[in-house]
Amino acid sequence: MNLLTGNDLKTGDVIWWAGHENWSLHVADAADAGDKGETILAREEEARRVNASYIVAAEMTDKGPMPLHIKERVRASGPTVRSDLAINTDISIVNV
Amino acid sequence: MYKYDQYDQAMVDARVEEFRDQTRRRLAGELTEDQFKPLRLMNGLYLQLHAYMLRVAIPYGTLNSEQMKMLGHIARKYDRGYGHFTTRQNIQYNWIKLEDAPDILADLATVEMHAIQTSGNCIRNISSDQFAGAAADEIADPRPWAELLRQWSSFHPEFSYLPRKFKIAVIASDEDRAAMRLHDIGIQLIHNDTGELGAKFFVGGGMGRTPMIGPEIRDFVPADELIHYAEACLRVYNRYGRRDNKYKARIKILVHELGTEEYTRQVEEEFAHMKTLGLNPPLAELARITEFFHDPAYDTRASDELDLTDPDFRIWVEQNTHPHKQAGYAIANISLKPTGGIPGDASADQIDLMADLAKQYSFDELRVTHAQNIVLPHVKKSDLYALWQKLDEAGLAPPNLDLISDMIACPGLDYCSLANARSIPVAQKIGERFADIGRQKELGELKLKISGCINACGHHHAGHIGILGVDRKGVENYQLSLGGSGAEDVSLAKITGPGFDEDGIVDAVEKVTDVYLRDRTDGERFVDTYRRIGMAPFKEALYG
Amino acid sequence: MNKTITFNDRSASDAAAVSLEGFLGASNATAVRIEPGEDVRELLPHLERLALVEVNFPVFGDGRGYSAAQILREHGFAGELRAIGDVLVDQLAYMLRCGFDSARADQPLNEQAVQDALNRYPQVYQKTSGTSPISGRRPIWEIRHE
């Protein structure tokens, strides 16, 4: 599956596309963009609902959608060295 | 310390308003991200893995307690209660909101600070020796020269869209505490045969994916031609530096491809032309700036005696203080490398405390080092014990300066959108493995530097032991290298061989230190032993 | 084609610019267009007969044109120096200081934003080539020691 991520233009928060015109701070809410990723991102960037967005390969896990690559897993969880600042604490960074 | 006059202040204030307007236009959709990006970068605002990151300039690493307090205030009010001191002697904040950024710059401007040109393809914050003005071995204070260069490089109309970023360092002693030869331009102040103070220029050093040591291109530039010469160096680069490939765009590649001789010839030709234009500020301007850097009012009767009966204090004094040019005083280093900590991070409370201690014990002055520590440059020896006790209470007295746990580490994949692997967890694990300070002291001076990607922000090429994090099929992997140095014995580290996983790299570091302990001769540092015996015994221990 | 904006009272030249190669090969052209990779110093023997030099910025991040402009002004070029291409409002102040006196941008520029940008900074830190009346602002260090 393909997730869409980017940053909130104003706050910089990492956000995940959750379908339609919705974005969420939580990767668990992320929706599968299938092969429509580029079209959706063009529209959402234009509407300034997201900034610096890109498409992320992911898989469905028992905790919900999860990016395949470690970089986006860190992005989804917050810095691994500051668990006090984590957004989503139950993400395993290392792909096991 | 330098004080802004009305002109300096007006320039910084104008910049704040310019960026406020640019931010407004971006939020209103009048600017695309592609158009806005270079503008925000020239104000130090990145978009990182988790949020916007703001890098605030600390010119040549010098600041006063009021400015330090402001850094604490920003951490508390606009960020999440901490900041990260960087290898460019700056500080960066990891959780900034774009809508707050203009207000932060406005707050900074009230204490004569800014984030101008802390990123972007322009001339960056000028770095210098963190012991400037205090070191016993300097021939002059390099900071007036750095300030002259700061003003010249700020909003430079010709050199704000260079092929790539551009870093300048200025030092004034033979001992190099600023990695001067690994800068785009490294300047060492020297006296010529007639005793006149001038600048020796090294051009084309750098780290990144193609590390190079900057060759000397001129042995003496007179003080009143400094800006002309720098203009000449930059103009040749701006015109002929490569723009077809981001990874070949730094000046080191131009100097390398042209050859030092040809690059120098072109610079000299341009320099001769510059001299006819009268672009250089007069010596009176350098003299005006120098006035701000006069010595503080030292107590000339201060005693050199030090009571070292407290063993913990003794260890800290031995490791973390440095000789001062003034009798009865010492340079005190505050290590931001506690065991298991994040190298270079400081909480808002710690920042405030360091500001207070600077006011009380160090003539109101602090320095940031490229090794991500803080310096109180002028501490009376009789105050050291009281200072140490207060630092220790706040977790700011690890006695590990220049030891293996005094690591440089970039933010790595925990924060950085360019990184391929995490740096901080590796730093933490190595710190824990070598937590025993007696063991660290046994290993002696050992500069370990960790980068989370090939861009080398963690200076791994210049580490006695360097670690580079790479992405191997989606898994973090760490390459070990040995024998680098960013000091006056500058050299580039060489890779040992195949990389290691996160635990493996910690074991590997331990193995190479064991080889050192086994094979060293009296007085040799790790890097000296490596240079004498070569790579083979280390490889044998690692892979044999 | 978008309108040419001038930074001073001079009206924009309507001479048609030819390529550098074309200019060096022709004897009668009075306007030339410089691309980023070209050596503007080849024009130095011909400055007298040039009314207009256009300096192209195919992408705004390519800053070679700033050096080209400075070199022309440093050598006494007194004709019109025009920035063309991907010229954005936030680059105009630097262009002005490097000796440009007009711009023709691919994307239309807002007149008010142009004026704001050109008047943003009260002073300058650097002395730039003095031959053009608009680029030769007195730097702060000169004012400090007058």
Side-chain angles (χ1 to χ4, degrees), chain B residues 5-8 10-11 13-15 17-18 21-22 25 30-31 34-39 42 120-122 148 150-163 227 231 234-241 243-244 270 273-274 276-289, chain C residues 36-41 44 57-71 73-75 86 88-100 107 110 112-113 116-117 119-131 135-146:
Chain B
D5 64 7
Q6 55 179 316
Y7 304 112
D8 297 311
M11 293 298 279
D13 291 344
R15 177 59 144 206
E17 289 318 307
E18 181 182 46
D21 180 56
Q22 290 165 344
R25 284 189 279 138
E30 293 169 29
L31 289 174
D34 280 350
Q35 292 169 338
F36 182 58
K37 189 175 175 183
L39 304 176
M42 274 190 242
N121 293 336
C122 51
L148 192 75
R150 183 191 75 82
Q151 295 187 26
W152 161 73
S153 61
S154 295
F155 319 111
H156 198 294
E158 187 177 340
F159 305 133
S160 287
Y161 292 90
L162 296 167
I227 298 302
E231 287 261 354
L234 263 299
R235 177 170 289 174
V236 174
Y237 172 54
N238 191 44
R239 298 188 76 207
Y240 298 112
R243 291 174 189 262
D244 59 327
E270 202 70 62
H273 167 64
M274 293 290 171
T276 67
L277 301 172
L279 308 178
N280 213 103
L283 282 176
E285 176 62 2
L286 184 60
R288 183 191 76 87
I289 294 170
Chain C
E38 294 175 340
D39 185 3
V40 72
R41 287 203 158 98
L44 296 184
F57 291 81
V59 289
F60 69 82
D62 187 335
R64 284 177 284 190
Y66 296 96
S67 288
Q70 289 264 58
I71 289 166
R73 291 304 191 201
E74 285 164 6
H75 287 86
D86 193 15
L88 304 176
V89 71
D90 295 287
Q91 279 82 49
L92 291 180
Y94 289 151
M95 288 174 171
L96 174 76
R97 293 193 47 216
C98 287
F100 286 103
Q107 301 295 320
N110 174 300
Q112 186 56 49
D116 289 350
N119 295 314
R120 173 78 62 191
Y121 286 90
Q123 311 287 347
V124 301
Y125 275 122
Q126 308 80 9
K127 189 167 186 170
T128 46
S129 50
T131 53
S135 64
R137 289 175 76 177
R138 296 175 68 213
I140 288 170
W141 52 259
E142 199 172 287
I143 298 168
R144 280 176 179 147
H145 298 281
E146 65 190 355

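Values in this document were obtained by computation on a predicted structure and should not be read as measured data.
By number of non-hydrogen pairs under 4.5 angstrom with chain C, the leading residue of E30(B), H273(B), E17(B) is H273(B). Taking L148(B), L234(B), L277(B) one by one and counting their heavy-atom pairs under 4.5 Å with chain C, the maximum is reached by L277(B). In terms of heavy-atom pairs under 4.5 angstrom with chain C, the leader among S154(B), S153(B), A10(B) is S154(B). When each of S160(B), P281(B), G241(B), G278(B) is checked for heavy-atom pairs under 4.5 Å with chain C, P281(B) comes out on top. Among D116(C), L88(C), I71(C), the residue making the largest number of heavy-atom pairs under 4.5 Å with chain B is I71(C).
At a 4.5 Å heavy-atom cutoff, D13(B) makes no contact with chain C through either its backbone or its side chain. Of the atoms belonging to R239(B), heavy atoms from both backbone and side chain fall under 4.5 Å from chain C. For Q6(B), no part lies under 4.5 angstrom from a heavy atom of chain C. If you measure heavy-atom distances from L39(B) to chain C, the contacts under 4.5 Å come from the side chain alone. Contact annotation for P38(B): only side-chain heavy atoms (C-beta onward) come within less than 4.5 Å of a heavy atom of chain C. In this structure, chain C has a heavy atom under 4.5 Å from the side chain of Q22(B), while its backbone stays farther away. Contacts between D39(C) and chain B at a heavy-atom distance below 4.5 Å involve backbone atoms as well as side-chain atoms. Proximity to chain C involves both the backbone and the side chain of N238(B), based on heavy atoms less than 4.5 angstrom apart. Heavy atoms closer than 4.5 Å to chain C are found in the backbone of D34(B), but not in its side chain. Of the atoms belonging to L31(B), it is side-chain heavy atoms, and not backbone ones, that fall under 4.5 Å from chain C. Q123(C) touches chain B through backbone and side chain together, each having a heavy atom under 4.5 Å away. Heavy atoms closer than 4.5 Å to chain B are found in the side chain of V89(C), but not in its backbone.
To the nearest 0.5 angstrom, K127(C) atom NZ is 13.5 Å from I227(B) atom CD1. Taken to the nearest 0.5 Å, the OG1 atom of T276(B) stands 7.5 Å off from the CD atom of E74(C). Here CD of Q35(B) is found 7.5 Å from CG of D86(C). Values are rounded to the nearest 0.5 Å. The CD atom of E285(B) sits 9.0 Å away from atom CD1 of I140(C), with the distance rounded to the nearest 0.5 Å.
Q126(C) is not listed as a side-chain neighbour of E158(B), based on a closest heavy-atom distance of 4.5 Å or more. Between Y94(C) and Y161(B) the shortest side-chain heavy-atom distance falls below 4.5 Å. Annotation: side chain of R25(B) is in contact with side chain of D90(C) (closest heavy-atom distance under 4.5 Å). For the pair Y121(C)/E18(B), a side-chain contact is recorded, criterion being any heavy-atom separation below 4.5 Å from C-beta on. Side chains of W141(C) and Q151(B) form no contact here, defined as non-hydrogen atoms less than 4.5 Å apart. Inter-residue side-chain proximity for Y66(C) and P157(B) is flagged as unmet; no heavy-atom pair is nearer than 4.5 Å.
Closest approach of P122(C) to M11(B), counting heavy atoms only: CD-SD, 4.4 Å. Closest approach of R235(B) and S67(C) over heavy atoms only: CG-OG, 4.2 Å.
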